[in-house]
Amino acid sequence: MAEATTLVVGGGLAGAACAIALAREGRSVIVLERTPGPHHKVCGEFLSAEAQALLADLGLDVWAMGASPARELGLEFGGHLTRVTLPFRGAGLSRLKLDQALLDVAAHAGAQIQRGVTVTRLDHATSSLAVQTTAETLAASQVVLATGKHNLRGVPRPPTANVAFKMHVRPSAAGAATLGNLVHLSMFRGGYAGICMVEDGIATIAWVIEHEVLGDTDGWADHAEYLSNRSPFFTAILSDATALWEKPVAVASVPYGFLREDTIAEAVYPVGDQLVVIPSYTGDGTSIALHTGLAAAKAILGGETAPQFQKETLKRLRSQIAWAKLADIAFVNTTAQRVTAALARLIPWAMPPIARFVTHKTRLRV
């Protein structure tokens, strides 16, 4: 049985951040990533100021990587549009580019990156830890569970009825001009959709829909029609945009608002979406992923157990998640959406300060 000091299961944002911090301190780290190469993930691909600062600390300049700026937030309820100036300069950058860049930094720091490795089991019932892959069994002093939105067998999260999607499109010149400096959210019955520009003149669209509301779909054309029928903004953007993939990438049953209160084992550290899942419309999932990965590394280096790490990390994040869940009710719940849309029509002047308040309360603070 091969041995390593720390095994990181998952090479996304949280896992890579943790690996970088550990490797820079001379720790032996192996990152196990199931995909053989760079790939697209379901994510809004919006980076807040906090995310940009954390990435800079890890050695990445998102602007040098070609990120697109976003200085305004657009909100749409029942056809009513509101625009709010963001309190920071947001950035749009694809996970295809960002995740690989972080893994490259981790490798340069001394972490061993193993791609195309599928983990089938985590054995934590005994005093020692073992990770079973399709090829071998690896022993570890610590395991960092960083599998993102995908559950590892035997370490579940509660199921939900929603499905999350992402698509890249190339907007027309007019569409790109509309999206310049803008991150936009449209709220509609059973879900919401967001869009912003990323690198190379590409726009990323991410949407979350309750499965029973969505019904059966067949490829991007059905999704584009669905979004256009529910949002005048998306009607205008998608009418002359070119889809870059045949169908969206998708993941089902994402438990938005989840907090992992129960510990898995003394030396199993859940990070990113395996620890906490903030509703994606907040645009702060990237910050939380990076922060929890770095917090886990700090805990491991300081000799803290996983239960100690979880307790302290959730304590810092609990208020942010609570505000996000409250806003989720107001903005996403079908009945509440109608009330919010009515308020937007009757007292439009109130929406910008409300949006700014929600934006402030749902940002990472550590």
Side-chain angles (χ1 to χ4, degrees), residues 10-13 33-46 68 76 92-100 115-116 118 147-151 159-172 175-176 178-179 183-256 272-273 277 279-281 283 285-286 289 332:
L13 302 176
E33 168 55 41
R34 64 185 177 86
T35 62
H39 63 292
H40 292 284
K41 295 181 178 179
V42 178
C43 176
E45 303 183 323
F46 173 81
S68 293
E76 181 181 26
L93 188 69
S94 73
R95 290 290 299 274
L96 179 76
K97 196 167 189 176
L98 180 58
D99 286 34
Q100 185 58 47
R115 301 206 70 140
T118 300
T147 55
K149 293 180 173 63
H150 300 278
N151 290 337
T160 65
N162 60 50
V163 186
F165 301 90
K166 186 181 79 175
M167 172 60 89
H168 276 184
V169 302
R170 190 171 298 281
S172 66
T178 299
L179 292 170
V183 56
H184 175 86
L185 284 171
S186 291
M187 310 294 185
F188 44 77
R189 186 177 71 88
Y192 54 91
I195 184 171
C196 70
M197 298 296 292
V198 289
E199 70 275 9
D200 301 327
I202 295 169
T204 184
I205 306 171
W207 61 105
V208 177
I209 305 175
E210 294 175 7
H211 188 270
E212 63 180 25
V213 173
L214 176 64
D216 295 328
T217 58
D218 184 21
W220 167 241
D222 287 344
H223 286 275
E225 181 180 8
Y226 183 93
L227 295 174
S228 296
N229 287 342
R230 283 152 182 80
S231 163
F233 185 90
F234 275 96
T235 299
I237 294 296
L238 296 179
S239 62
D240 51 7
T242 302
L244 300 185
W245 314 328
E246 183 177 344
K247 61 181 181 180
V249 291
V251 61
S253 195
V254 182
Y256 293 110
D273 284 343
V277 187
S280 59
Y281 70 84
T286 298
V332 181

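Because only heavy atoms are used, hydrogens play no part in the values below, and waters and symmetry mates are left out as well, while side chains stay in.
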Take Glu199 and Ser68, measure what side-chain hydrogen bond (donor to acceptor under 3.5 Å, both in side chains) needs, and give me the verdict at the end.
-> CA-CA 6 Å; Glu199 70 275 9; Ser68 293; over 6 Å; no

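- Smallest separation of non-hydrogen atoms from Gly201 and Pro171: O-CD, 3.6 Å.
- Contact check for Val208 versus Phe165: no side-chain heavy atoms found under the 4.5 Å cut-off.
- The nearest pair of heavy atoms linking Ala203 to Leu179 is CB-CD1, 4.0 Å.
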**OP:** Show your reasoning for whether side-chain contact (heavy atoms from CB on, under 4.5 Å) applies to Val251 and His150.
**Re:** CA-CA 8 Å; Val251 61; His150 300 278; 4.0 Å; yes

* To do: Verify side-chain contact (heavy atoms from CB on, under 4.5 Å) between Val169 and Thr242, making sure each step is shown before the conclusion.
  => CA-CA 5 Å; Val169 302; Thr242 302; over 6 Å; no

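- Residues Trp220 and Leu238 meet the side-chain proximity criterion, which asks for heavy atoms closer than 4.5 Å.
- When every heavy atom of Asp240 is checked against every heavy atom of Ala236, the shortest pair comes out as OD1-O, 3.9 Å.
- Side chain of Arg115 to backbone of Thr35: a donor-acceptor contact under 3.5 angstrom is found.
- A donor-acceptor pair is defined here as one N or O able to donate and one able to accept, closer than 3.5 Å; no such pair exists between the side chain of Asn162 and the backbone of Ala252.
- In this structure, CD in Glu45 is found 11.5 Å from CD1 in Ile195, a value given to the nearest 0.5 Å.
- For Ile202, the side-chain contact (heavy atoms from CB on, under 4.5 Å) partners at least two apart in sequence or on another chain are His168, Arg170, Val198, Asp200, Leu244.
- By the neighbour-count criterion of 12 heavy atoms within 6.0 Å, atom NZ of Lys247 is sparsely surrounded, having that number or fewer from other residues, nucleotides or ligands.
- For Lys149, the salt bridge (Lys or Arg N to Asp or Glu O under 4.0 Å) partners two or more places apart in sequence, or in a different chain, are Asp273.
- Considering all non-hydrogen atoms of both residues, Thr286 and Cys43 come closest at OG1-SG, 4.5 Å.
- Taken to the nearest 0.5 Å, the CZ atom of Phe188 stands 11.0 Å off from the CG atom of Asn229.
- Between Trp245 and His40, the angle of the ring planes lies from 30° to 60°, which puts this pair in the tilted group.
- Summarising the geometry, atom CZ belonging to Phe234 is positioned 5.5 Å from atom NE2 belonging to His184; distances are rounded to the nearest 0.5 Å.
- For the pair Arg230 and Tyr226, the distance from NZ or CZ to the six-membered ring centre is under 6.0 Å and the angle to the ring normal is within 45 degrees.
- Smallest separation of non-hydrogen atoms from Pro248 and Met167: N-CE, 3.8 Å.
- No donor-acceptor distance shorter than 3.5 angstrom exists from the side chain of Thr204 to the backbone of Cys196, with no hydrogens or angles considered.
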Arg95 and His39: CA distance, side-chain angles, deciding distance, side-chain hydrogen bond (donor to acceptor under 3.5 Å, both in side chains) verdict: CA-CA 8 Å; Arg95 290 290 299 274; His39 63 292; over 6 Å; no

- request: Step by step, work out the side-chain contact (heavy atoms from CB on, under 4.5 Å) result for Trp207 and Leu227.
  value: CA-CA 9 Å; Trp207 61 105; Leu227 295 174; 4.1 Å; yes

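- For the pair Ile205 and Lys166, the minimum side-chain heavy-atom distance is 4.5 Å or more.
- Looking at Ser280, Ser231, Ser186 one by one, the single match for side chain to side chain donor-acceptor pair (under 3.5 Å) with Tyr192 turns out to be Ser280.
- Considering all non-hydrogen atoms of both residues, Val42 and Ala164 come closest at CG1-CB, 3.6 Å.
- Contacts of Glu225 classified as side chain to side chain donor-acceptor pair (under 3.5 Å), with partners at least two apart in sequence or in another chain: none.
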